[in-house]
Amino acid sequence: MNELDQLVDGACAAFAVAPTPAELENAKARYLGKSGQVTELLKALASLPPDEKKLRGARINEAKQQIEAALQQRRQALADAELQAQLRAEALDVTLPGRQRGVGSVHPVSRTIERIESIFASMGFDVADGPEIETDWMNFTALNNPANHPARSMQDTFYVDMKDADGMWYCLRTHTSPMQVRYARAHAERHAGAATMPEIRVIAPGRTYRVDSDATHSPMFHQCEGLWIGENVSFKDLKAVFTDFCRRFFESDDLQLRFRPSFFPFTEPSAEIDIAFSSGPLQGKWLEVAGSGQVHPNVVRNYGLDPERYIGFAFGMGPDRLTMLRYGVSDLRLFFEGDLRFLSQFR
Ligand code: PHE
């Protein structure tokens, strides 16, 4: 094997073992670089006589081309390997099952509120919404519950560190009853001056707050107010409407209702409404579901209406309680803890 063949073999071997493109370029420099072995041989041609120079020059060039070809081949091989490695690293396994996307559901209390709304809507009631941070006047005074009246202590509440236009602390509403006043006043204003006013028929569900916390009381809870005011709306209508509602809500035609005399400053007479199931684990037990009564004349006046002309009833019920009864839940707090093991049972 002559000297040039050895040179070519040596270059090919060096290229073949170069593990990275950088090391391949180093190996290339040893042969083809400025002072590489091939370059040195070509420089040495200068001192040869012309005919020898031509012959040797041609043979060196041939060796050089072989080395360049080997270099090119190795470059390609390394680039291919790199691409393969990259593809492997970025591989997508299209057979992998997709990540589960959680399917949400309507909260059981929201579901109850939706049921209440649709039943009352079918009886011609509007659905209204109002503020949870309420003025003292709306929450108490307008409802015939003046400052310092002992009935206020039935609804101990949270106050907001801010005073309203009357210089009273804002409070978190203790019931949805201020919505009677807000809705009726807006209604009365809208029809002011007209010879006749359409009846007020509304429910107002929403969050309410009291300083209370145990298995059946939560500092935040829900209420749904109801109000029907007209020129000839009586306690009899309250009994009919609420009985119809309860029987439809619990899907039981023989559900019993009891209107038990009670006291609220804003109704007179007032009644607490109890229900009794005709079957099931709670059969025959009286369970309180709402407060109600004929709206007190002072309150009708605060609606901006003449109590000599307008009369009607109001009620306030607890959707949380209704949900517990409907689904047999014994601890109210479960509704507000956000535990999916509980909530997913209502899907
Ligand atoms: N607001 C009363 C309560 O929270 C319930 C009620 C509403 C009573 C309307 C009578 C009329 O206890």
Side-chain angles (χ1 to χ4, degrees), residues 113 116 120 125-128 130-132 134-146 149-158 171-185 200-212 216-230 233-243 245-246 257-275 287-303 307 310-322 332:
I113 291 174
I116 294 172
F120 277 99
F125 281 72
D126 191 9
V127 178
E132 290 168 30
E134 198 45 287
T135 62
D136 188 274
W137 191 80
M138 284 288 181
N139 195 77
F140 295 113
T141 312
L143 292 163
N144 201 29
N145 202 337
H149 192 285
R152 281 200 176 199
S153 64
M154 283 163 60
Q155 301 192 352
D156 204 3
T157 188
F158 301 97
C171 64
L172 298 189
R173 64 180 179 186
T174 58
H175 49 179
T176 43
S177 300
M179 281 307 292
Q180 290 178 28
V181 187
R182 286 183 176 277
Y183 188 91
R185 283 172 75 89
I200 294 170
R201 228 181 285 170
V202 65
I203 59 164
R207 276 183 281 271
T208 47
Y209 303 83
R210 285 185 207 176
V211 184
D212 251 346
T216 53
H217 296 87
S218 150
M220 188 286 299
F221 59 105
H222 296 86
Q223 279 199 347
C224 180
E225 198 73 8
L227 180 66
W228 187 343
I229 297 288
V233 181
S234 73
F235 210 93
K236 169 197 73 183
D237 297 309
L238 164 64
K239 291 181 96 168
V241 162
F242 210 83
T243 301
F245 162 72
C246 287
L257 277 86
R258 177 171 83 175
F259 289 72
R260 180 165 41 83
S262 183
F263 170 79
F264 298 100
F266 34 94
T267 46
E268 179 62 37
S270 304
E272 225 113 32
I273 306 175
D274 301 335
I275 60 167
L287 309 155
E288 184 189 320
V289 292
S292 68
Q294 183 173 299
V295 178
H296 193 288
N298 288 346
V299 178
V300 175
R301 205 170 287 118
N302 289 331
Y303 293 167
Y310 294 102
I311 191 167
F313 64 80
F315 56 81
M317 61 180 149
D320 305 326
R321 194 78 204 288
L322 295 181
L332 174 73

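We number each residue from 1, following the sequence as shown. Computed from a predicted model, the values in this text were never measured in an experiment. Both ligands and their constituent atoms are indexed starting at 1 by order of listing.
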Can you sort out which atoms of ligand 1 are near [X], meaning under 4.0 Å from one of its heavy atoms?
X	answer
Ser177	1 (N), 7 (C)
Ala314	9 (C), 11 (C)
Ser292	8 (C), 10 (C), 11 (C)

Next on the checklist: As a quick check of understanding, evaluate ring-ring contact (aromatic ring centres under 6.0 Å, His included) for Phe315 and Phe120, giving each step before the final call.
Outcome noted: CA-CA 13 Å; Phe315 56 81; Phe120 277 99; 5.5 Å; yes

Of all the non-hydrogen atoms in the protein, which one sits nearest to [atom], and at what distance?
atom	result
atom 3 (C) of ligand 1	Arg210 NH2, 3.7 Å
atom 2 (C) of ligand 1	Phe266 CZ, 3.7 Å
atom 8 (C) of ligand 1	Gly291 C, 3.4 Å
atom 7 (C) of ligand 1	Gly316 N, 3.3 Å
atom 12 (O) of ligand 1	Phe264 CE2, 3.7 Å

Next on the checklist: If the condition is side-chain hydrogen bond (donor to acceptor under 3.5 Å, both in side chains), which residues does Arg301 pass it with, not counting sequence neighbours?
Outcome noted: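 Counting only residues at least two positions away or on another chain, Arg301 forms a side-chain hydrogen bond (donor to acceptor under 3.5 Å, both in side chains) with Asn298.
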
Checklist entry - Under 3.5 Å, N or O to N or O, is Gln223 touching ligand 1 that way? => result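 For ligand 1, there is an N or O atom that lies under 3.5 Å from one belonging to Gln223.
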
Next on the checklist: Any nitrogen or oxygen of Glu225 lying under 3.5 Å from a nitrogen or oxygen in ligand 1? Just yes or no.
Outcome noted: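 Checking ligand 1 against Glu225, no N or O pair falls under 3.5 Å apart.
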
Item to check | Among His217, His222, Gln223, the one residue meeting side-chain hydrogen bond (donor to acceptor under 3.5 Å, both in side chains) with Asp320 | outcome: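 Result for side-chain hydrogen bond (donor to acceptor under 3.5 Å, both in side chains) with Asp320: His222.
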
Item to check | Centroid separation His175 to Phe264 less than 6.0 Å | outcome: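 They do not qualify: ring centres at least 6.0 Å apart.
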
Next on the checklist: With a 4.5 Å cut-off on side-chain heavy atoms, are Tyr310 and Ile200 touching?
Outcome noted: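 A side-chain contact is absent here, since even the closest heavy-atom pair is not under 4.5 Å.
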
Item to check | Side-chain heavy atoms of Met138 within contact of Pro131, under 4.5 Å | outcome: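 No, too far: nothing below the 4.5 Å cut-off.
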
Next on the checklist: Quick one, Glu288 with Arg260, criterion salt bridge (Lys or Arg N to Asp or Glu O under 4.0 Å). Give me CA distance, side-chain angles, the key distance, then yes/no.
Outcome noted: CA-CA 10 Å; Glu288 184 189 320; Arg260 180 165 41 83; 3.7 Å; yes

Next on the checklist: Please determine whether any non-hydrogen atom of Gln180 lies less than 4.0 Å from an atom of ligand 1.
Outcome noted: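 Yes, that is the case, since the closest heavy atom of the residue is under 4.0 Å from the ligand.
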
Checklist entry - When rounded to the nearest 0.5 angstrom, what distance separates CG in Leu322 from CD1 in Ile275? => result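 The distance works out to 7.0 Å.
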
